[in-house]
Amino acid sequence: MENVTSLVRPNIASLKPYSSARSEFTGENKILLDANENPFELWEMEKINRYPDPLQTNVKQIIAQIKGIKPEQLFIGNGSDEAVDLIIRCFCEPASDRIAIFEPTYGMYSVCATINNIGVEKYLLKDDFCIDADSFLNRVTKDVKVVFICNPNNPTGNSQKFGVIEQILSEINGLVVVDEAYIDFCSDKSVVSLVNRYPNLIVLQTFSKAWGLAGARIGLAIANRQIISILNRVKFPYNIGKPSLQILKNSLSNKALMEKFIAQITGERQNLYEQLKQFSFITMVYPSEANFLLVKTTNAQKIYTYLLDKNIVVRNRSHEPLCSNCLRITVGTPAENQILIETLKKLNL
Ligand SMILES: Cc1ncc(COP(=O)(O)O)c(C=O)c1O
């Protein structure tokens, strides 16, 4: 894949992007009468009356250092969901181009495609939830502009082999988005190091999971600078608010806390795995490299309703391909996990 810019939709390639006031002047030592802001600083938070930096320059430098990439290879979105939507809008021509997904997987790829009138080619994972790359590459149509690989996959929790991702990257004539929302729970599986080798690779990561910032809505796209500059042209001018940026900066300065979360959650995941296996109505607990476990049961709906009645909410994934009678259970705090187990012990099925 030589020239990724040839994949951009023509109307996006010729788009004259909106030029926001704060992209021209960020405000250091200036009287700012350019953006129709309120001149009074009403809140204690620093300069909240002013629009934020549209390109989040400072924080990108910190993240780039952590990820071992250049700041220009980084897009920050309102959650990684924003990046999913933007990628589809920038590269897929409505009513003609398509995306490809491997089911079962995260639902937003299809939802964003459908909203934008982009067709979805669905390929089934194998019984072990791995991608059959040869079969996919034989069958995929030329209309597919973007392939989404969720790694580790939601809801199955497993990750794909490096070689499989590389095979798809090198043989497909389009973009490959590797969604690494759960990668902090198995960081050696990240393909970020491949962005310099494959111009058609976009890696998505998020601060919503291991970093504990789901409420702040901050996600990343990591790719070559041409792709990032296309996403930046199309995004809303001030897509990340100052409070979220401030929270992000605080978190980044305390990476050790995130590492502590990860150790605790993966430890709890192992406990939960062992304990869930012992119930007769749970026929399979799938191994997980994420912060949740997929379990196959004898009657998912009944267990789901029983738990809900006890104020415990899990996700019923039974309607997903390959997931009949499956529930997805997020790893909670030790106390929450204990309540879950004690509650299941009282279930007669
Ligand atoms: C695979 C996957 N990607 C992306 C997201 C959304 O992440 P964000 O909160 O960054 O939008 C989720 C959330 O559950 C997810 O499971």
Side-chain angles (χ1 to χ4, degrees), residues 56 59-60 63 67 74-89 99-113 115 120 122 125 129 131 146-160 165 175-187 189-192 201-223 231 235-236 239-241 243-245 247-248 251-252 258 261-262 265 269 286 288-294 313-317 320-323 326-332:
Q56 307 97 16
V59 82
K60 273 186 186 163
I63 299 172
K67 305 284 175 194
L74 199 50
F75 166 85
I76 305 186
N78 188 257
S80 44
D81 285 342
E82 183 186 2
V84 171
D85 177 61
L86 269 180
I87 292 164
I88 290 174
R89 280 196 287 132
I99 65 160
I101 61 169
F102 300 95
E103 290 192 307
T105 196
Y106 182 50
M108 280 300 283
Y109 316 134
S110 293
V111 170
C112 289
I115 289 169
V120 181
K122 298 174 177 175
L125 292 170
F129 300 138
I131 293 173
V146 186
V147 180
F148 284 91
I149 300 175
C150 189
N151 197 51
N153 190 37
N154 175 6
T156 58
N158 63 308
S159 63
Q160 304 297 332
I165 297 174
L175 298 177
V176 178
V177 176
V178 179
D179 183 347
E180 296 189 338
Y182 300 97
I183 203 68
D184 295 308
F185 302 102
C186 56
S187 54
K189 304 279 169 73
S190 175
V191 294
V192 162
L201 170 62
I202 305 178
V203 179
L204 304 184
Q205 295 189 354
T206 182
F207 285 88
S208 298
K209 312 293 176 184
W211 290 84
L213 301 184
R217 310 302 303 125
I218 300 161
L220 305 177
I222 301 167
L231 301 182
K235 78 176 183 73
F236 286 155
N239 59 330
I240 311 289
S244 290
L245 279 178
I247 289 163
L248 176 59
S251 289
L252 288 167
M258 182 273 277
F261 277 154
I262 291 175
I265 289 169
R269 180 182 70 196
Y286 294 94
S288 169
E289 297 181 279
N291 66 340
F292 56 81
L293 290 164
L294 186 72
V313 192
V314 297
R315 202 93 151 113
N316 189 350
R317 300 281 80 181
E320 298 283 329
L322 304 179
C323 291
C326 282
L327 298 173
R328 195 194 67 196
I329 303 174
T330 304
V331 179

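When a ligand or atom number is given, it counts from 1 through the structure's own listing order. Computed from a prediction, not measured in an experiment: that's the story for all the values here. FYI, the numbering just counts along the sequence from 1.
- Of the protein's non-hydrogen atoms, Y182 OH, 2.7 Å is the one closest to atom 16 (O) of ligand 1.
- At distances below 3.5 Å, not a single donor-acceptor pair connects side-chain atoms of Q160 with backbone N or O atoms of C150.
- For atom 7 (O) of ligand 1, the closest non-hydrogen atom of the protein is S80 OG, 3.1 Å.
- For F185, there are no ring-ring contact (aromatic ring centres under 6.0 Å, His included) partners, not counting sequence neighbours.
- Residue, atom and distance of the protein heavy atom nearest to atom 14 (O) of ligand 1 are K209 NZ, 2.8 Å.
- Atoms of ligand 1 found under 4.0 Å from any heavy atom of S208 (numbered from 1 in listed order, with element): 8 (P), 9 (O), 10 (O).
- Numbered from 1 in the order shown, with element, the atoms of ligand 1 that lie under 4.0 Å from a heavy atom of C150 read 1 (C).
- Summary of contacts: the protein heavy atom closest to atom 12 (C) of ligand 1 is Y106 CZ, 3.4 Å.
- Each of the atoms 1 (C), 2 (C), 3 (N), 4 (C) of ligand 1 lies under 4.0 Å from some heavy atom of D179.
- When hydrogens are left out, the protein atom nearest atom 11 (O) of ligand 1 is R217 NH2, 2.8 Å; that is the closest non-hydrogen contact.
- The side-chain heavy atoms of V177 and V146, taken from C-beta on, include a pair separated by under 4.5 Å.
- Applying the 6.0 Å contact sphere to CZ of R315 captures no more than 12 heavy atoms from other residues, nucleotides or ligands.
- Taking a cut-off of under 4.0 Å to the non-hydrogen atoms of G79, the atoms of ligand 1 that pass are 8 (P), 10 (O), 11 (O).
- Panel note: side chain R317, backbone P155; no donor-acceptor pair is recorded below 3.5 Å.
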>> Applying ring pair (Phe, Tyr, Trp, His ring centres under 6.0 Å) to Y182 and F292, what does each step give before you reach the verdict?
In response: CA-CA 10 Å; Y182 300 97; F292 56 81; 5.1 Å; yes
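- Using a 4.5 Å cut-off on side-chain heavy atoms (C-beta onward), N239 and F75 make contact.
- Listed by atom number, the atoms of ligand 1 under 4.0 Å from N154 heavy atoms are 16 (O).
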